[in-house]
There are 4 protein chains.
Amino acid sequence: MTSSKKPDKYYAILEGAMKVFAENGFHKSQVSRIAKEAGVADGTIYLYFKKKEDILTSLFQEKLGELVEKFNRAVDESSSAKDALRKICEIHFSELENNIHMAYLTQIELRQSDLELRKEIGLALKRYIILIENILEKGKLDGSFRPDLDVKLVRLLIFGGMDEVVTSWLISGQKYSLTAQVGPTLDFFMHGIEK
Amino acid sequence: MTSSKKPDKYYAILEGAMKVFAENGFHKSQVSRIAKEAGVADGTIYLYFKKKEDILTSLFQEKLGELVEKFNRAVDESSSAKDALRKICEIHFSELENNIHMAYLTQIELRQSDLELRKEIGLALKRYIILIENILEKGKLDGSFRPDLDVKLVRLLIFGGMDEVVTSWLISGQKYSLTAQVGPTLDFFMHGIEK
Amino acid sequence: MTSSKKPDKYYAILEGAMKVFAENGFHKSQVSRIAKEAGVADGTIYLYFKKKEDILTSLFQEKLGELVEKFNRAVDESSSAKDALRKICEIHFSELENNIHMAYLTQIELRQSDLELRKEIGLALKRYIILIENILEKGKLDGSFRPDLDVKLVRLLIFGGMDEVVTSWLISGQKYSLTAQVGPTLDFFMHGIEK
Amino acid sequence: MTSSKKPDKYYAILEGAMKVFAENGFHKSQVSRIAKEAGVADGTIYLYFKKKEDILTSLFQEKLGELVEKFNRAVDESSSAKDALRKICEIHFSELENNIHMAYLTQIELRQSDLELRKEIGLALKRYIILIENILEKGKLDGSFRPDLDVKLVRLLIFGGMDEVVTSWLISGQKYSLTAQVGPTLDFFMHGIEK
DNA sequence: AATGAATGAGCCTTCATTCAT
DNA sequence: TATGAATGAAGGCTCATTCAT
């Protein structure tokens with residue numbers, strides 16, 4: 001836990017930001033609005049964050065940290081590589097389905113940033129991507145996955161596929177169940193489309 | 001060609017915008033900078049576009065239109081559903097690999113927009129997504145693809161996978177060949193990861 | 001008639017301007033809007049008027065010219081100074097009551113101008129003011145008006161009084177009859193308020 | 001005093017605006033110029049006023065408020081309706097004669113506004129107009145003024161007359177004494193022009 | 001640590017005017 | 001004369017950030 005000693009206001013600001021960002025998007029969210037939502041003065045925000053953008057990245061890292069914890073625990077408890085992949089997909093979909101603010105944050109707001117910030121976010125995502133990579137490696141080793149798998153590539157195809165499914169579901173207005181897509185998604189990842 | 005009769009300045013502005021957006025990102029690109037790049041006066045831009053944002057969406061639709069043309073031609077000439085899918089992936093990767101500005105535009109800039117704009121972009125992307133869907137349907141019909149395929153889901157998994165591969169390649173600094181990923185990508189789409 | 005040889009478009013532009021100014025006010029009226037209303041191209045306006053402001057002053061002088069004609073004829077036909085003053089007031093009120101566009105122009109738009117333009121307008125108004133002054137002088141001479149009248153001052157008090165009555169009527173939304181005020185107004189001018 | 005608790009900067013901005021408006025007119029006065037004159041940053045103005053136009057109306061209401069105070073005190077101390085009317089005219093003329101900036105503001109700048117703003121100004125002026133009306137009513141009651149006086153009309157004739165005298169004096173370049181006009185003006189209001 | 005009033009750089013957009021045709 | 005596409009100066013307003021208290 002890197003953040004265990006951060007003061008309450010730090011989290012209050014992050015919570016306020018999460019709400020305001022989700023409602024208005026990053027560029028249309030004023031710092032003063034976040035301050036009001038967090039119940040602090042405008043200037044106070046700058047005691048905890050250097051720039052407005054830092055709130056966004058901190059928020060992401062904080063939330064992603066929690067998520068990766070869950071992913072790790074699930075993978076540890078899994079009986080096989082295939083089972084681990086299913087758990088990853090289950091958690092990925094269910095966590096975002098059950099937390100719309102978080103979904104907006106990851107699928108919409110975090111994309112609203114320039115290349116530099118995107119790199120930083122990519123860095124934070126790395127832990128998640130590597131988790132998938134490890135599962136793929138394990139599957140290759142125990143013989144359940146193809147031995148010629150390009151793990152660097154496939155981890156992107158898997159992550160990108162899930163990511164797009166979530167974004168599409170979000171933009172559509174969450175009209176259908178996201179978790180119901182876990183089965184068919186896993187199926188595609190495992191067997192592809194060829195008969 | 002819906003845009004064949006647009007005056008030269010319209011395209012000059014779009015070209016200027018493409019360059020400026022790719023270099024600085026949408027929010028950090030001044031309209032006056034685009035005007036200078038296009039060789040027109042600031043005000044002239046507003047004879048062709050209502051708002052700054054309209055330049056971005058028009059640019060996207062113009063470029064995507066050209067791309068979809070290429071996709072359509074390739075699919076028409078393809079011998080099978082599998083071949084069509086390969087062509088799609090080939091064009092998707094090669095076009096963006098050979099046009100860095102366009103790649104920045106689609107992978108970075110266009111994501112820097114609020115929900116409303118994202119919906120508009122999603123609408124424009126629909127044509128591409130449906131193209132993929134048609135290929136999947138065709139493969140199901142001729143028996144080369146699994147009969148139980150959820151095309152609505154798989155089209156997203158395929159598009160999302162390719163999209164992520166491109167973004168990752170772009171953010172990494174284009175250190176490796178994107179087109180070299182076509183083979184393994186197709187392989188994953190066809191057979192999945194299970195042995 | 002100074003304007004008898006002006007081409008049709010000159011008048012078309014003035015008519016268009018009158019309508020547009022009355023609807024939106026001088027500062028919120030675009031030249032292009034006037035051009036459209038007049039059925040000419042934007043640039044054509046500048047063949048007849050040097051600047052946007054010139055349209056306003058020309059319009060005023062043109063219209064005031066017509067009005068002063070009417071005032072002059074009425075005064076010529078009047079039997080006495082008192083009768084002349086009544087006719088002035090009647091025409092002043094009825095002309096504006098029957099021509100709302102003209103009323104907006106004189107009471108609202110023409111005031112929306114800087115000091116320099118105000119002086120020019122004042123100059124155009126001079127003919128009207130002098131008309132009132134002449135009536136006052138005549139009344140002094142024929143003994144029907146007080147011999148100690150300060151005509152330079154009273155002409156302003158009379159004009160200003162009528163002007164305010166019109167403006168008040170206009171701003172109120174023309175809820176009552178303006179011409180019905182002629183009688184009491186004359187009464188005040190003739191006898192004042194003291195018993 | 002409704003404004004007694006407004007912070008110093010509020011008044012500093014109003015003073016700056018008064019000067020700048022009087023010198024250049026409302027439309028030609030930049031907000032940044034007012035800020036500089038007031039010794040504050042541009043943005044500070046928007047902490048106290050919503051829009052540029054609000055500075056104008058606030059200025060008017062502040063100043064008119066002060067003036068109406070003076071009018072009220074004078075009327076209270078007056079011995080008769082006629083005396084009250086004289087005091088009104090005296091203050092009206094002398095205040096504007098002794099405060100050229102204020103005179104420009106009321107006679108020129110405040111007229112440079114569209115219908116909507118004019119209505120707002122009319123509303124603010126109401127208090128003054130009603131003051132005159134009350135004097136007229138009082139004079140009718142105590143028998144010193146005509147019993148058949150149309151107070152709603154005459155109050156406008158009186159206000160309009162004085163207003164025009166001030167404007168004319170201002171536009172002429174203040175070449176003569178305005179307060180010297182009080183006597184003859186009152187005379188006209190009391191007896192009219194008939195012998 | 002906390003405040004929030006104050007700052008001032010920055011920019012999109014409008015629109016009167018011009019000029020090549 | 002007439003056009004209308006093109007110009008480009010100009011400025012109101014926002015809002016991330018600072019700093020005196």
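Values in this document were obtained by computation on a predicted structure and should not be read as measured data. Residue numbering restarts at 1 for every chain, and letters A, B, ... go by the order of the sequence lines.
Rounded to whole Å, atom C1' of F/dG8 lies 18 Å from atom CZ of B/Arg33. The distance from atom NZ of D/Lys52 to atom C1' of F/dA10 is 12 Å, rounded to the nearest whole Å. Across the protein-nucleic acid pair, D/Asn24 atom CG and F/dA10 atom P stand 15 Å apart, rounded to whole Å. Rounded to a whole Å, the CD atom of D/Gln30 is 12 Å from the C1' atom of F/dA9. The OH-P distance, from C/Tyr10 to F/dA2, rounds to 15 Å in whole Å. Nucleotide F/dG8 holds its P atom 10 Å from the NZ atom of B/Lys9, rounded to whole Å.
By the side-chain hydrogen bond (donor to acceptor under 3.5 Å, both in side chains) test, D/Lys52 pairs with no residue at all, sequence neighbours left out. Contacts of A/Gln30 classified as side-chain contact (heavy atoms from CB on, under 4.5 Å), with partners at least two apart in sequence or in another chain: A/Ser32, A/Arg33. For C/Val40, the side-chain contact (heavy atoms from CB on, under 4.5 Å) partners are C/Lys9, C/Ile13, C/Ala35, C/Ala38, C/Thr44, C/Ile45, not counting sequence neighbours. In this structure A/Thr167 satisfies the side-chain hydrogen bond (donor to acceptor under 3.5 Å, both in side chains) test together with A/Gln107, sequence neighbours excluded. Applying the side-chain hydrogen bond (donor to acceptor under 3.5 Å, both in side chains) rule to D/Gln61 yields no partners; only residues at least two apart in sequence or on another chain are considered. Legend: residues meeting ring pair (Phe, Tyr, Trp, His ring centres under 6.0 Å) with B/Phe49, ordered by chain and number and at least two apart, are B/Tyr10. Taking the side-chain contact (heavy atoms from CB on, under 4.5 Å) definition, one finds that C/Leu67 meets it with C/Phe71, C/Glu95, C/Met102, sequence neighbours left out. Residues passing the side-chain contact (heavy atoms from CB on, under 4.5 Å) test with A/Ile100 are A/Tyr104, A/Trp169, A/Leu170, A/Gln174, sequence neighbours excluded.
Listed by first and then second residue, the salt bridge (Lys or Arg N to Asp or Glu O under 4.0 Å) pairs that reach into residues 39-51 of chain B are B/Lys51-B/Glu53, sequence neighbours excluded.
Comparing the end axes of the helix from E/dA2-F/dT21 to E/dT21-F/dA2, each fitted to five base pairs by superposing C1' atoms of four pairs onto the next four, gives an inter-axis angle of 10° (nearest 10 degrees).
Bounding nucleotides for the chain C contact on DNA chain E, 5' to 3', at a heavy-atom distance below 4.0 Å, are E/dC15 to E/dT18.
Listed in residue order, the members of residues 36-49 of chain A having a heavy atom less than 4.0 Å from DNA chain E are A/Val40, A/Ala41, A/Asp42, A/Gly43, A/Thr44, A/Leu47, A/Tyr48.
With respect to A/Lys63 and A/Glu69, no salt bridge is recorded, no charged nitrogen being found less than 4.0 Å from a carboxylate O.
Formation of a donor-acceptor pair under 3.5 Å by the B/Thr106 side chain with backbone atoms of B/Ala103 is found in this model.
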